[in-house]
Amino acid sequence: MDLVIRGARVVDGTGGPSYTADVGVHGGRIAEIGRIRSGGRHTVDAHGLALAPGFVDMHAHSDLALLRDPDHRAKAAQGVTLEVLGQDGLSYAPVDDRTLAEVRAAITGWNGAGEDIEFDWRDVGGYLDRLDRTGIAVNAAYLVPQGTVRAYALGWDDRPASPAELDRMRALVAEGLAQGAVGMSSGLTYTPGMYASGAELTELCRVVAGYGGYYCPHHRSYGRGALGAYAEMVELSREAGCALHLAHATMNFAENEGRAGALLALLDGALAAGADITLDSYPYTPGCTTLVALLPSWANEGGPEAVLARLRDDAEAERIRYALEVTGADGCHGVPVDWATIEISGTADPAHGAYVGTRLRDWDTARRLLVEDRLGPTILQHVGHEENVRAIMRHRVHTGGSDGILRGAKPHPRAYGTFPHYLGRYVRELGVLSLEECVAHLSGRPAARLRLPDRGLVRTGHRADLVLFDPETVAAGSSYENPRALPAGIPHVLIDGRFVMRDGRRTDVLAGRSVRRTPYRGR
């Protein structure tokens, strides 16, 4: 036996009762559970600690961070052993040279411009190969980003796809799935993904369904039209016969205070009718995105350089202001923007760092910063409701996702704290979830959504992706004031039986690798 973990409180990821046992690991897998009389080459005394499957971050923005930061303590220290990348319809594969340059500019606020990255891939398989070749801290799965696919096939124009362009998009999605992607994402308040009609999305989801993947939309509104936007995705998935996973499922803005029950009733009705639906959420009220994402879709048409040209033009800038402040831009979920809720969390150029941590006063300030920082600012948007957050996390199809943007001088604390915050705040302090139920939300349930037959549970034969934590002390260290502080109470994290965190310290082990789509054999 390579490792024996003695006397752990096993919380196995099923949601069932926990129990005390020894767990033996050999060859990267769980070899034995129970009373283990023989010794191992290494031993961990786990008395007082819970042993759980490694946590799965169902919504991560580490697409470049995994390549530039081998340490990746932001996630490893939380007990995360697998991240799902390619989120919100925008990432770096599949691309050609033109599309890559455009995407890099469009999501600088999420991942940086990438000057420090050698983009030596163009397709999904090449990106996953690059992760494996580089060596990464935690495992990574990938979603084909629908917005990137649309940019590749027809650019950043707001128009219907021609039949030939739709065929090209189908082929790109199919190729990405064949190369190992687990599904497809969309960002339907981000350009150019938001320009796709429901019919176009349905056709692409039919391709996803054929490969046994799932559709992960950031849908068209989390504000004024939230329930209708959720309903559109449920109906679209039904029409396409495609599994659905709702990204960062929240009900935000004043219009939706106390309305989580209406969303959950919609989902319960669909589930009762046989729909295959899951969702993820983060345990915080503010959202996080880029400042440019708030602009109306017509202002974003044509790509980043076209946006900057409009912002520099006084007449066009006034049109944008009116849409933001009076009518409610679709980029701001149909709700007129309240600048007092918008906090700058990061800028692309450190020269603009004085804005970080401040609330925007007015459109003139926002416009000036967008132009000077070339669309790079990221923001916290303080528009959530605690009662909605709690209601959604209780649901039986809920999973955890950080939606963590790691760039910026003052990122959202969810990037460094989501998983210990669930365990410390919402399990131990508030009792919103039991420990066993919460661990299932963070491990077994997401592994089932990803169709990973040997991950997500503490079971003999499963991969030894494991986290040991103290239920009495586990807590997020990150806060809005100190967002990069590491969590407490998580001493050990293993991937394939190798310690990536030991005694609360990051080792030099790079045990992660790409996790590619499991061949579909039907239900």
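As the structure is a prediction and not an experimental result, all values here were calculated from the model.
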Any Lys/Arg nitrogen of D116 or R68 sitting under 4.0 Å from an Asp/Glu carboxylate oxygen of the other?
-> yes
Is there side-chain contact between V234 and L244, with heavy atoms separated by less than 4.5 Å?
-> yes
Measure from NZ or CZ of R319 to the centre of the six-membered ring of W298 and say whether it is under 6.0 Å with the direction within 45° of the ring axis.
-> yes
Looking only at non-hydrogen atoms, find the nearest pair between P336 and E325 and report the distance.
-> CB-O, 3.5 Å
Validation row: L308, L375 side chains within 4.5 angstrom (heavy atoms) | yes
Using a 4.5 Å cut-off on heavy atoms from C-beta on, say whether the side chain of I277 contacts that of L271.
-> yes
Six-ring centre of Y214, R449 cation under 6.0 angstrom, axis tolerance 45° = yes
Start with the C-alpha gap between Y230 and E235, add the side-chain angles, then the distance that decides, and say whether side chain to side chain contact (heavy atoms under 4.5 Å, CB included) holds.
-> CA-CA 9 Å; Y230 280 115; E235 175 58 23; over 6 Å; no
Report yes or no: is the cationic atom of R159 (NZ for Lys, CZ for Arg) closer than 6.0 Å to the six-membered ring centre of Y195, at no more than 45° off its axis?
-> no
Does a side-chain heavy-atom distance below 4.5 Å link V173 with V149?
-> yes
Going through the checks in order, is the side chain to side chain contact (heavy atoms under 4.5 Å, CB included) test met by D57 and F419?
-> CA-CA 9 Å; D57 189 341; F419 296 87; 3.8 Å; yes
Give me the one residue out of M58, Q87, R414, H218 that meets side chain to side chain contact (heavy atoms under 4.5 Å, CB included) with H248.
-> H218
